Number of protein chains: 2
Amino acid sequence: MRQPEHLKNAGLKSTLPRLKVLSLFESGQARHMSAEEVYKHLLSTGDDVGLATIYRVLTQFEQAGLLIRHNFEGGKSVFELNQGTHHDHIVCLQCGHVEEFFDAGIEARQEKAAAERGFSIRDHTLSIYADCTKAACPNKTQI
Amino acid sequence: MRQPEHLKNAGLKSTLPRLKVLSLFESGQARHMSAEEVYKHLLSTGDDVGLATIYRVLTQFEQAGLLIRHNFEGGKSVFELNQGTHHDHIVCLQCGHVEEFFDAGIEARQEKAAAERGFSIRDHTLSIYADCTKAACPNKTQI
DNA sequence: ATCGCTGCAAATTATTTGCACATAC
DNA sequence: GTATGTGCAAATAATTTGCAGCGAT
């Protein structure tokens, strides 16, 4: 468990709420979660952390580079662990299911399109919105 | 002015607020506008339409296929006239400036990436977020 | 005349903030 | 001990909705 160091390095005291949130993401139970989803996960494990704290912690982790924030369609911010490996996302507009992918060709053309127009790309992140055709298209829960 | 027909075809009565909103978009003054921006534009022209009506009208136009809604980073929906010609967007995270582009290679790979993972793409729309390096990077107004 | 439309104000949803108390170091 | 962090409740921001009256056909 090297989490406390992560927090230290970010200049954050290692408190219970922070450790709980971080290990939830590291547990891999769900890679992509909104603040509300993190909140419910923790409640269901008996750990009750205030929702406002979750919002604060998620934002701090984002700034510390521990988490990445996405603003997918649907109005809620969704977070995922920053594991250093760049990838993009395909998001199901029906159920919110997120799948990750990487395509070097898209990366290159994305860079080129931006450069040609005088934009400089920060993180190359891009999202495709589609309908997941799987039979088991679950509902709104697993964003 | 063939606007009333557009509305008719969509099963919408041709009312003043609807005509005002539609012609604002058709005037080309700004291609991409949020509800609030449409509201302010109309107020500034002396046409006072309720903000709630703007929201209703924009949604109806979106459903009628007259407008396209985008949920760019930043929490507000932004609308543009649907002119039938597909294109993607590069959005400046600093000032909200939007530029349009089209890259056949990206389209193809986007389709492929989705298909391989069992997703079916609706409209192929995708957005790149970047920093517009132009000297004249304007402020929050021209989203 | 009828049914749809509009404006206003109140409701919702996601997120932020003020403040008194609790906690890490 | 002191600066930080937390919980709760109230504040914001974007958008939606209920309802009584207005307007298009």
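Letters A, B, ... are given to chains in the order of the sequence lines, protein chains preceding strands, and every chain is numbered from 1. Being a predicted model, the structure only gives us computed values, none of them experimental.
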**Student:** Can you tell me the distance, in whole Å, between the CG atom of B:Leu16 and the P atom of D:dA24?
**Tutor:** 8 Å

**Student:** Quick one: is D:dT6 close enough that its OP1 or OP2 comes under 4.0 Å of any side-chain N or O from A:Thr15?
**Tutor:** yes

**Student:** Using only modelled atom types and a 3.5 angstrom limit, is any donor from either the side chain of B:Arg18 or the base of D:dG23 paired with an acceptor on the other?
**Tutor:** no

**Student:** For A:Leu12 and D:dT6, give me the distance from atom CG to atom C1', rounded to whole Å.
**Tutor:** 14 Å

**Student:** What class does the angle between the rings of B:His32 and B:His70 fall in, given that below 30° is parallel, 30 to 60° is tilted and above 60° is perpendicular?
**Tutor:** tilted

**Student:** When the distance from CD of A:Glu36 to P of C:dT15 is rounded to whole Å, what number comes out?
**Tutor:** 9 Å

**Student:** Establish, with yes or no, whether the OP1 or OP2 oxygen of D:dT15 is under 4.0 angstrom from a side-chain nitrogen or oxygen of B:Tyr55.
**Tutor:** yes

**Student:** Examine the side chains of B:His124 and B:Glu111 and answer whether a donor and an acceptor come within less than 3.5 Å of each other.
**Tutor:** yes

**Student:** Taking NZ from A:Lys8 and P from D:dT4, how many angstroms apart are they, rounded to a whole number?
**Tutor:** 15 Å

**Student:** Base, sugar-phosphate alone, or nothing: which one does B:Asn71 contact when heavy atoms must sit under 4.0 Å apart?
**Tutor:** nothing

**Student:** Just compare D:dG7, D:dT15, D:dG5 and give me whichever is closest to any side-chain atom of A:Arg56.
**Tutor:** D:dG7

**Student:** A:Glu80 and A:Arg69: salt bridge (charged side-chain N to carboxylate O under 4.0 Å, His left out), yes or no, with the steps?
**Tutor:** CA-CA 7 Å; A:Glu80 73 173 309; A:Arg69 177 196 298 257; over 6 Å; no

**Student:** Roughly, in whole Å, what's the span from CG in B:Asp48 to P in C:dC8?
**Tutor:** 7 Å

**Student:** Report the C-alpha separation of A:Leu43 and A:Lys40 in whole Å, then their side-chain angles, then the decisive distance to 0.1 Å, and conclude whether the side-chain contact (heavy atoms from CB on, under 4.5 Å) test is met.
**Tutor:** CA-CA 5 Å; A:Leu43 279 194; A:Lys40 284 178 185 162; 5.5 Å; no

**Student:** Mind calculating the distance between CG (A:Leu51) and C1' (C:dT13) to the nearest angstrom?
**Tutor:** 12 Å

**Student:** I want to verify a distance call: between D:dT25, C:dT6, D:dG7, whose nearest atom is closest to the A:Val49 side chain?
**Tutor:** D:dG7

**Student:** Under 4.0 Å between a side-chain N or O of B:Thr53 and OP1 or OP2 of C:dG7?
**Tutor:** yes

**Student:** State which of D:dT15, D:dG7, D:dT16 makes the closest approach to the side chain of B:Lys76.
**Tutor:** D:dT15

**Student:** Checking contacts here: which listed nucleotide (D:dT16, D:dT15, D:dA9) is nearest the side-chain heavy atoms of A:Ala52?
**Tutor:** D:dA9

**Student:** Take B:His87 and B:Phe101, measure what ring pair (Phe, Tyr, Trp, His ring centres under 6.0 Å) needs, and give me the verdict at the end.
**Tutor:** CA-CA 6 Å; B:His87 56 260; B:Phe101 77 97; 9.0 Å; no

**Student:** Measure from CZ on B:Phe61 to P on C:dC5 and round the result to the nearest Å.
**Tutor:** 11 Å

**Student:** For B:Glu73 and D:dA14, give me the distance from atom CD to atom P, rounded to whole Å.
**Tutor:** 16 Å

**Student:** Counting just side-chain N and O atoms, does B:Ser77 come under 4.0 Å of either OP1 or OP2 of D:dA14?
**Tutor:** no

**Student:** On DNA chain D, compare the nucleotides closest to B:Lys13 and B:Gly75; which residue's is nearer the 5' end?
**Tutor:** B:Gly75

